[in-house]
Amino acid sequence: MKILSVKQFSNRLKVTIQSSGRLNFTDDTTKTLGLAEGTPVKFAMDEDNGNVLYLVIASDENDEDAFKVRKSGSYYYVPTKSLFDALEIEYEGKSLGYDLIRAQSQDLELGGMAFKMCQRDKNKNGGEEDVND
(Lines give C-alpha, C1' and ligand atoms only; values in the text may rest on other atoms or scores of the structure.)
Protein backbone atom coordinates (compact mmCIF):
# COMPACT_ATOMS: atom_id res chain seq x y z
CA MET A 1 0.00 0.00 0.00
CA LYS A 2 1.20 3.52 -0.74
CA ILE A 3 0.67 6.72 1.23
CA LEU A 4 -0.65 9.63 -0.86
CA SER A 5 1.12 12.56 0.79
CA VAL A 6 -0.32 16.05 1.03
CA LYS A 7 3.14 17.24 -0.10
CA GLN A 8 2.39 15.93 -3.59
CA PHE A 9 -1.05 17.52 -3.88
CA SER A 10 -1.13 20.72 -1.80
CA ASN A 11 0.65 23.02 -4.26
CA ARG A 12 -0.34 23.62 -7.85
CA LEU A 13 2.88 22.95 -9.73
CA LYS A 14 3.44 25.36 -12.62
CA VAL A 15 5.99 26.11 -15.32
CA THR A 16 6.01 28.78 -18.00
CA ILE A 17 7.59 28.92 -21.43
CA GLN A 18 8.85 32.50 -21.67
CA SER A 19 8.98 34.43 -24.94
CA SER A 20 12.73 33.65 -24.98
CA GLY A 21 12.03 29.89 -25.11
CA ARG A 22 13.20 29.24 -21.55
CA LEU A 23 11.07 27.01 -19.33
CA ASN A 24 10.78 28.79 -15.95
CA PHE A 25 9.68 27.16 -12.70
CA THR A 26 7.58 29.03 -10.13
CA ASP A 27 9.09 29.40 -6.66
CA ASP A 28 6.53 26.96 -5.22
CA THR A 29 7.32 24.40 -7.92
CA THR A 30 11.06 24.78 -7.34
CA LYS A 31 10.64 24.20 -3.60
CA THR A 32 8.13 21.36 -3.90
CA LEU A 33 10.25 19.44 -6.43
CA GLY A 34 13.51 20.22 -4.64
CA LEU A 35 15.07 21.70 -7.77
CA ALA A 36 18.59 23.10 -7.65
CA GLU A 37 21.10 24.29 -10.18
CA GLY A 38 22.20 21.23 -12.17
CA THR A 39 19.08 19.13 -11.51
CA PRO A 40 18.57 16.94 -14.61
CA VAL A 41 15.25 17.51 -16.39
CA LYS A 42 14.13 15.74 -19.53
CA PHE A 43 11.07 15.77 -21.72
CA ALA A 44 9.04 13.07 -23.40
CA MET A 45 6.20 13.14 -25.90
CA ASP A 46 3.51 10.47 -26.06
CA GLU A 47 2.86 10.40 -29.81
CA ASP A 48 0.27 7.63 -29.40
CA ASN A 49 -1.82 9.81 -27.08
CA GLY A 50 -2.25 13.16 -28.86
CA ASN A 51 1.37 14.30 -28.44
CA VAL A 52 1.05 14.74 -24.68
CA LEU A 53 4.20 16.38 -23.33
CA TYR A 54 5.85 15.17 -20.12
CA LEU A 55 8.47 16.81 -17.93
CA VAL A 56 10.64 14.36 -16.01
CA ILE A 57 12.95 15.03 -13.08
CA ALA A 58 15.57 12.46 -14.09
CA SER A 59 16.66 9.95 -11.47
CA ASP A 60 20.15 9.66 -12.99
CA GLU A 61 22.21 12.84 -12.56
CA ASN A 62 24.30 11.84 -15.60
CA ASP A 63 21.33 11.17 -17.91
CA GLU A 64 22.58 12.11 -21.36
CA ASP A 65 19.04 12.98 -22.50
CA ALA A 66 18.49 15.52 -19.72
CA PHE A 67 18.77 19.29 -19.67
CA LYS A 68 20.38 20.82 -16.58
CA VAL A 69 18.40 23.30 -14.51
CA ARG A 70 20.04 26.72 -14.45
CA LYS A 71 19.61 29.65 -12.11
CA SER A 72 19.30 33.33 -12.97
CA GLY A 73 18.91 35.55 -9.92
CA SER A 74 16.34 33.79 -7.76
CA TYR A 75 14.67 31.99 -10.69
CA TYR A 76 15.28 28.48 -11.95
CA TYR A 77 14.87 27.59 -15.61
CA VAL A 78 15.76 25.11 -18.34
CA PRO A 79 17.20 26.38 -21.66
CA THR A 80 14.60 24.80 -23.93
CA LYS A 81 14.40 27.17 -26.92
CA SER A 82 15.70 24.60 -29.44
CA LEU A 83 13.40 21.89 -28.06
CA PHE A 84 10.26 24.03 -28.30
CA ASP A 85 11.28 25.29 -31.74
CA ALA A 86 11.63 21.68 -32.93
CA LEU A 87 8.22 20.82 -31.42
CA GLU A 88 6.76 23.88 -33.20
CA ILE A 89 5.36 25.30 -29.97
CA GLU A 90 4.53 28.94 -30.62
CA TYR A 91 5.89 30.77 -27.61
CA GLU A 92 7.46 33.89 -29.18
CA GLY A 93 5.84 37.13 -28.09
CA LYS A 94 3.85 35.43 -25.33
CA SER A 95 4.15 33.40 -22.19
CA LEU A 96 2.67 29.88 -22.14
CA GLY A 97 1.71 28.45 -18.77
CA TYR A 98 1.50 24.76 -17.93
CA ASP A 99 0.28 22.89 -14.88
CA LEU A 100 2.38 19.89 -13.94
CA ILE A 101 0.17 16.90 -13.11
CA ARG A 102 1.94 14.01 -11.41
CA ALA A 103 2.08 10.96 -13.71
CA GLN A 104 3.57 8.35 -11.41
CA SER A 105 2.58 5.51 -13.75
CA GLN A 106 5.17 6.87 -16.22
CA ASP A 107 8.09 7.10 -13.76
CA LEU A 108 9.74 3.77 -14.56
CA GLU A 109 9.39 4.09 -18.34
CA LEU A 110 10.64 7.70 -18.39
CA GLY A 111 13.44 7.26 -15.84
CA GLY A 112 12.43 9.69 -13.12
CA MET A 113 9.60 11.61 -11.51
CA ALA A 114 7.17 12.25 -14.39
CA PHE A 115 4.65 15.07 -14.80
CA LYS A 116 2.13 15.60 -17.57
CA MET A 117 2.34 19.18 -18.88
CA CYS A 118 -1.20 20.60 -19.24
CA GLN A 119 -1.32 23.96 -21.00
CA ARG A 120 -3.26 26.86 -19.48
CA ASP A 121 -4.66 29.78 -21.50
CA LYS A 122 -5.51 33.28 -20.37
CA ASN A 123 -9.26 33.74 -20.16
CA LYS A 124 -11.21 36.94 -20.82
CA ASN A 125 -10.85 38.12 -17.23
CA GLY A 126 -7.06 37.87 -17.30
CA GLY A 127 -7.00 34.68 -15.24
CA GLU A 128 -5.96 31.30 -16.48
CA GLU A 129 -8.02 28.30 -17.45
CA ASP A 130 -7.06 24.74 -18.35
CA VAL A 131 -6.77 23.93 -22.04
CA ASN A 132 -6.56 20.16 -21.64
CA ASP A 133 -6.74 17.62 -18.85
Side-chain angles (χ1 to χ4, degrees):
M1 185 155 320
K2 179 183 171 150
I3 299 296
L4 301 174
S5 172
V6 68
K7 293 175 191 175
Q8 289 183 291
F9 305 104
S10 61
N11 292 334
R12 190 169 176 189
L13 303 177
K14 300 177 190 178
V15 294
T16 304
I17 301 174
Q18 299 296 320
S19 61
S20 64
R22 286 182 175 179
L23 184 75
N24 287 356
F25 297 92
T26 64
D27 287 339
D28 283 343
T29 300
T30 299
K31 290 174 188 168
T32 301
L33 298 181
L35 298 177
E37 199 164 5
T39 299
V41 174
K42 58 187 177 177
F43 298 87
M45 182 172 284
D46 186 349
E47 296 172 322
D48 296 332
N49 192 18
N51 291 332
V52 172
L53 190 60
Y54 290 89
L55 178 144
V56 182
I57 308 301
S59 54
D60 179 359
E61 284 190 30
N62 298 313
D63 191 320
E64 293 180 2
D65 294 322
F67 293 80
K68 298 294 185 188
V69 171
R70 296 184 183 175
K71 186 175 183 184
S72 177
S74 62
Y75 296 97
Y76 289 87
Y77 71 94
V78 180
T80 48
K81 180 181 182 349
S82 296
L83 170 69
F84 295 134
D85 286 347
L87 294 175
E88 299 180 356
I89 294 176
E90 296 182 25
Y91 60 84
E92 292 181 9
K94 53 185 156 184
S95 183
L96 299 177
Y98 290 83
D99 289 328
L100 298 180
I101 308 301
R102 189 69 172 94
Q104 190 169 359
S105 63
Q106 302 297 323
D107 286 359
L108 186 58
E109 180 181 353
L110 298 177
M113 190 170 22
F115 297 86
K116 181 178 176 182
M117 293 178 64
C118 298
Q119 188 175 352
R120 289 177 279 122
D121 270 345
K122 299 280 183 189
N123 65 26
K124 294 177 190 174
N125 300 324
E128 293 180 343
E129 59 187 27
D130 293 330
V131 172
N132 58 16
D133 296 326

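Counting from 1, the numbers follow the sequence of the chain as shown.
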**Study point:** K116 side, atom NZ; D99 side, atom CG - distance, nearest 0.5 Å
**Key:** 11.5 Å
Point to revise | Over all atoms of both residues, closest heavy-atom pair of P40 and D60 | key: CG-O, 3.8 Å
Exercise for review: Assess whether atom NZ of K68 is packed by more than 12 heavy atoms of other residues, nucleotides or ligands within 6.0 Å.
Suggested key: yes
Revision key, fill the gap. One should read off an interatomic distance between F25 CZ and L100 CG, to the nearest 0.5 angstrom, of 7.5 Å
Check your understanding: What residues, two or more places apart in sequence or in another chain, satisfy side-chain contact (heavy atoms from CB on, under 4.5 Å) together with S20?
Key -> Q18, R22
**Study point:** Flag side-chain contact, heavy atom, 4.5 Å: F115 against V15
**Key:** no
Review point. Other hydrophobic cluster members with L110, side-chain heavy atoms of Ile/Leu/Val/Met/Phe/Trp/Tyr under 4.5 Å, chained?
Key: V52, Y54, V56
Check your understanding: Is the side chain of T16 donor-acceptor paired with the backbone N or O of G97 at a distance under 3.5 Å, no angle test?
Key -> no
Check your understanding: Can you find a pair of side-chain heavy atoms, one from K71 and one from L35, that are under 4.5 Å apart?
Key -> no
Point to revise | Any side-chain heavy-atom pair of Y75 and N24 under 4.5 Å | key: no
Going by atom type alone, with no hydrogens or angles, which donor-acceptor pairs under 3.5 Å involve a side-chain atom of residues 82-93 and a protein atom two or more places apart or on another chain?
unit_1, atom_1, unit_2, atom_2, d
D85, OD1, Y91, OH, 2.6
D85, OD2, K81, NZ, 3.0
Y91, OH, K81, NZ, 3.3

**Study point:** T80 side-chain N/O to G21 backbone N/O, donor-acceptor pair under 3.5 Å
**Key:** yes
Review point. When clusters are formed by joining ILVMFWY residues with side-chain heavy atoms under 4.5 Å apart, either directly or through shared neighbours, do Y77 and L96 land in the same one?
Key: no
Review point. Got a sec, which residues hit side-chain contact (heavy atoms from CB on, under 4.5 Å) with E47, two or more places apart in sequence or on another chain?
Key: M45, N51
**Study point:** side-chain hydrogen bond (donor to acceptor under 3.5 Å, both in side chains) contacts touching residues 33-42 (sequence neighbours left out)
**Key:** K42-D63
Review point. Same cluster or not: are Y76 and F67 linked, directly or through other Ile, Leu, Val, Met, Phe, Trp or Tyr residues, by side-chain heavy atoms under 4.5 angstrom apart?
Key: yes
Study note, to complete from the structure: Rounded to the nearest 0.5 angstrom, the CD1-CE distance for I57 and M113 is 5.5 Å
Review point. Under a single-linkage definition using a 4.5 Å side-chain heavy-atom cutoff for Ile, Leu, Val, Met, Phe, Trp and Tyr, are L33 and V78 assigned to the same hydrophobic cluster?
Key: yes
Point to revise | Heavy-atom pair of closest approach, residues R12 and T29 | key: O-OG1, 4.3 Å
Check your understanding: Under the side-chain contact (heavy atoms from CB on, under 4.5 Å) test, which residues partner S105, sequence neighbours left out?
Key -> none
Revision key, fill the gap. Between I101 and C118 the two heavy atoms that sit nearest each other are CG1-SG, 3.7 Å
